[in-house]
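Hydrogens, waters and symmetry mates are skipped; everything else that's a heavy atom, side chains included, is used. Reminder, nothing fancy here: chain letters follow the sequence lines and each chain counts from 1. Values in this document were obtained by computation on a predicted structure and should not be read as measured data.
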Amino acid sequence: MTTKKTMIGTLGILAMSTAPVLAEGTINVLTWEGYADPSFITQFEEQSGCSVNATYVGSNDDFAPKLMAGGGVYDLITPSIDTTKLMIDLDFVEPLDTAMIDGWNDIYPKFLALDGIQKDGAYYGMPYSWGAIAFMYLDDAFETPPTSLNDLWREDLKGKISLWDDKSAIYVAARKNGDMDIYNLSDEQIAAAQAALVEQKPLIRKYWSTAGELVDLYKAGEVVISNTWAGYQSSLLAAEDVKVTEFIPEEGAEGWMDSWMVVKDTPNKECAYKFLNMQISELGQCGVANVNGYSAANATAAKNCMTPEQFTALHQDDPAYLDSLLIWQPLADRFEVYTNAWNSVKAQ
Amino acid sequence: MSILRRNLPGVLVMGIPVLWIALFMLLPYGIIVTYSFWLKKYPTFIPAFQFGNYITIFTDPQYVLVFLRTLKISILVSIASFLLAYPFAYWLVFRCRSAALRTWLYMAVIAPLWVSYLLRAYIWKTILGTEGVLNSFLMSIGLIDEPSSLFLYNQFAMVVTLTYIFIPFMVMPIYTALEKIPTNLTEASADLGMGPWRSFWHVTLPLSLPGVAAGFTLTFCLSFGDFIAPFLVGGPDGNLIANVIATQFGAALNWPLGSALAIVMLIVVLTIVSLSDRMERKGLSGGI
């Protein structure tokens, strides 16, 4: 009798302790910091009855290993447009029912036209936010503001230059070499970019790998010029009273765009679609714009919830700006050649 | 039933460690070895049996380069730790008169091990930085006029940080080895007319060699596998082998190559461990 009681009691405790995890209304998102910020997620949780657990990634390279380690953990992910195709090809994500997403038709057509989020006529990613991989300099360090990528190769700035520790370094060096078709570089062009980066290496103070690290480098007076995720690190630095200016060099800049993707066979489809609807609505679009300083993918929502100044500052009214960016593309089977070139620069 | 019951303690005593070794060592190593023969193929990799990954490691100069750099850094860390740890341990064991002070100082060496590794590495950033503690100090005493950027984000910073972090692993075995040496041996050596230096060279140092070997092994292996220090205080020329492995498993999504690198690294570490083991045995049998 007592054993039975104890057992029932134990089961009860077990049931109680596991209940929140098994509840229908919980979604786990694997995303960038800021994309599930309490400033707008709390309102969503209250209105929808779905609670949100966020896990943050530090780079696009984190998505595949995390999902490979076993399924069933995450319901939604937000890779950038150079990684979305990989997620589709790895069979980690499922096609979206775009009819169930209210704001779908308000998304910039330019984003909906991108190959990286589609396969066989179906959409796998919902464009969410975008921006440029701009360049940035410390105001005090320059009498004449830098305008070109050549400024990142200047001898007199030796030990004061930083570059993102990412395969995108190849894109930067290729543009400096005058090779503008940066996502379709030939082996010779990649080798030339690699050589340019090796030549630049003695001038580099540190390759930065996280947003916080770059902010620290500027704050500690270690570097004066670098590339940056436009809008993000510069606002963190502004908050610290470090005066930096972003610029798009003559050689142009890459653009990125992040999309929400639904992980294959998620049991929480209902909450997942509620979440997608919220993220593409004014709440989500202005939420991420306010927290991260990124531009919104839904121009209509942005117009409604942004101040005119913010709307202009984030280039929402400026299609030419968006067109000028070299939006990241999946490298598919060329990916290895690019990463290998970058790794070999770092190995030197 | 009764046989099992009679042997149960034995089965448990032997079974648990065997199961542990099989589950947490042999199986993972087996998986890594298997992966190292696989083939990278977009989007991931496919099962295969080929030596391409190993051939890449030994023919592509980038891997050899990083490997040699890692070797250099690890050796420098071991030497620096030894040069600092030996006199300290020697002083503690033979010269420190107060037992309380000795315990206290010994604990002071061990205590940092309880502080997060990450935090200790991070602190060196604030010490060595351009606007860091060291530069402010050197400027305040007038040794330099403007902050130097020579201290941080290079191999020097990595050696300093790793030495600081791993030095307890050099102090502990040397201290233990020195403590075991009977004082009457040194006294006998003095009675036979040896000066303190010659006594040290011919008696104390040889007897403490097993501890030194253990310390070298520990600090070398720990530095050899480190990837946080290059990330935090290393510069553009600071990539170590563990960073390359991390990149292969992450950014490059090339687990086969990463596994092959890990196996090569494992072989190096095992070689060092068995060499040091042999030295320790030799030291023991030759010493007493």
Side-chain angles (χ1 to χ4, degrees), chain A residues 57-66 68 83 85-92 158-163 165-167 194 197-198 200-210 213 216-217 219-223 330-348, chain B residues 39-45 56-57 60-70 122 125-133 135 146-154 157 230-241 243-258 261:
Chain A
V57 289
S59 102
N60 275 304
D61 309 325
D62 290 348
F63 289 105
K66 280 227 160 76
M68 254 190 222
T83 309
K85 191 85 184 173
L86 179 67
M87 296 296 118
I88 300 172
D89 289 342
L90 283 169
D91 211 16
F92 285 164
K158 184 174 181 166
K160 293 280 170 198
I161 300 168
S162 187
L163 201 63
D165 181 357
D166 184 84
K167 62 177 178 299
Q194 188 181 326
L197 289 167
V198 170
Q200 182 203 33
K201 204 169 172 182
L203 311 176
I204 294 281
R205 181 70 167 144
K206 176 102 178 121
Y207 295 121
W208 62 274
S209 35
T210 64
E213 187 181 11
D216 283 346
L217 284 169
K219 246 169 60 182
E222 304 285 0
V223 304
L331 300 169
D333 53 353
R334 294 290 288 165
F335 173 83
E336 211 184 331
V337 189
Y338 278 76
T339 44
N340 195 39
W342 173 233
N343 285 337
S344 122
V345 171
K346 284 197 296 174
Q348 294 287 313
Chain B
L39 202 60
K40 164 82 181 161
K41 190 170 187 298
Y42 182 85
T44 46
F45 30 84
T56 308
I57 292 173
D60 188 336
Q62 64 166 298
Y63 302 108
V64 180
L65 210 64
V66 175
F67 186 79
L68 291 178
R69 177 183 308 140
T70 313
Y122 206 87
K125 246 172 99 156
T126 57
I127 298 176
L128 300 172
T130 304
E131 292 172 10
V133 180
N135 264 314
E146 52 182 51
S148 165
S149 58
L150 288 178
F151 305 126
L152 189 59
Y153 299 132
N154 50 31
F231 178 73
L232 284 178
V233 299
D237 65 346
N239 236 25
L240 298 188
I241 196 87
N243 301 87
V244 176
I245 294 178
T247 312
Q248 293 305 331
F249 277 90
L253 218 60
N254 193 344
W255 292 15
L257 184 59
L261 279 164

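- Remark: B:D237 does not engage A:K201 in a salt bridge, criterion side-chain N to carboxylate O under 4.0 Å.
- Neither the backbone nor the side chain of B:K41 comes within contact range of chain A; no heavy atom of the residue lies under 4.5 Å from a heavy atom of that chain.
- Interface summary for chain B: among A:D333, A:N60, A:L90, the most heavy-atom pairs under 4.5 angstrom belong to A:L90.
- A side-chain donor-acceptor contact under 3.5 Å links B:N135 to the backbone of B:T130.
- Contact count versus chain B (heavy atoms, under 4.5 Å) is highest, among A:T339, A:D89, A:D165, for A:D89.
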Working note: B:Y153 + A:E222, criterion side chain to side chain contact (heavy atoms under 4.5 Å, CB included); need CA distance, chi angles, decisive distance, verdict. CA-CA 10 Å; B:Y153 299 132; A:E222 304 285 0; 4.0 Å; yes

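- When heavy atoms are compared at a cutoff of 4.5 Å, A:K158 does not approach chain B at all.
- Within the 4.5 angstrom heavy-atom criterion, only side-chain atoms of B:T247, from C-beta onward, approach chain A.
- Heavy atoms of B:L240 lying under 4.5 Å from chain A are absent altogether.
- If you measure heavy-atom distances from A:F335 to chain B, the contacts under 4.5 Å come from the side chain alone.
- Classified by interplanar angle (parallel below 30°, tilted 30° to 60°, perpendicular above 60°), the ring pair A:W342/A:Y207 is perpendicular.
- The part of A:S209 that comes within reach of chain B is its side chain, from C-beta onward, which places non-hydrogen atoms under 4.5 angstrom from that chain.
- If you tally non-hydrogen atom pairs under 4.5 Å between each of A:E213, A:R205, A:E336, A:K85 and chain B, the highest count goes to A:R205.
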With side chain to side chain contact (heavy atoms under 4.5 Å, CB included) as the criterion, how do A:L86 and B:L253 come out once you've worked through the C-alpha distance, each side chain's angles and the decisive distance to 0.1 Å? CA-CA 11 Å; A:L86 179 67; B:L253 218 60; 4.0 Å; yes

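- Residue B:N243 comes nearest to B:P230 through the heavy atom pair OD1-CG, 3.3 Å, listed as atom of the first residue, atom of the second, then distance.
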side-chain hydrogen bond (donor to acceptor under 3.5 Å, both in side chains), that's the test. Do A:N340 and B:Q62 meet it? Break it down for me. CA-CA 10 Å; A:N340 195 39; B:Q62 64 166 298; 3.1 Å; yes

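- The backbone N or O of B:G132 lies less than 3.5 Å from no partner atom in the side chain of B:T126, so there is not a single donor-acceptor pair.
- Contacts of B:Y63 with chain A are made by side-chain atoms alone, with heavy-atom separations under 4.5 Å and no backbone atom involved.
- Heavy-atom pairs under 4.5 Å with chain A were tallied for B:G235, B:S149, B:G234; the largest tally goes to B:S149.
- Heavy atoms closer than 4.5 Å to chain A are found in the side chain of B:D60, but not in its backbone.
- Residues A:K206 and A:I204 come closest through the heavy atom pair N-CG2, 3.4 Å.
- For chain A, the nearby part of B:N254 is the side chain; its heavy atoms alone come within less than 4.5 Å.
- Heavy atoms of A:I161 lying under 4.5 Å from chain B are absent altogether.
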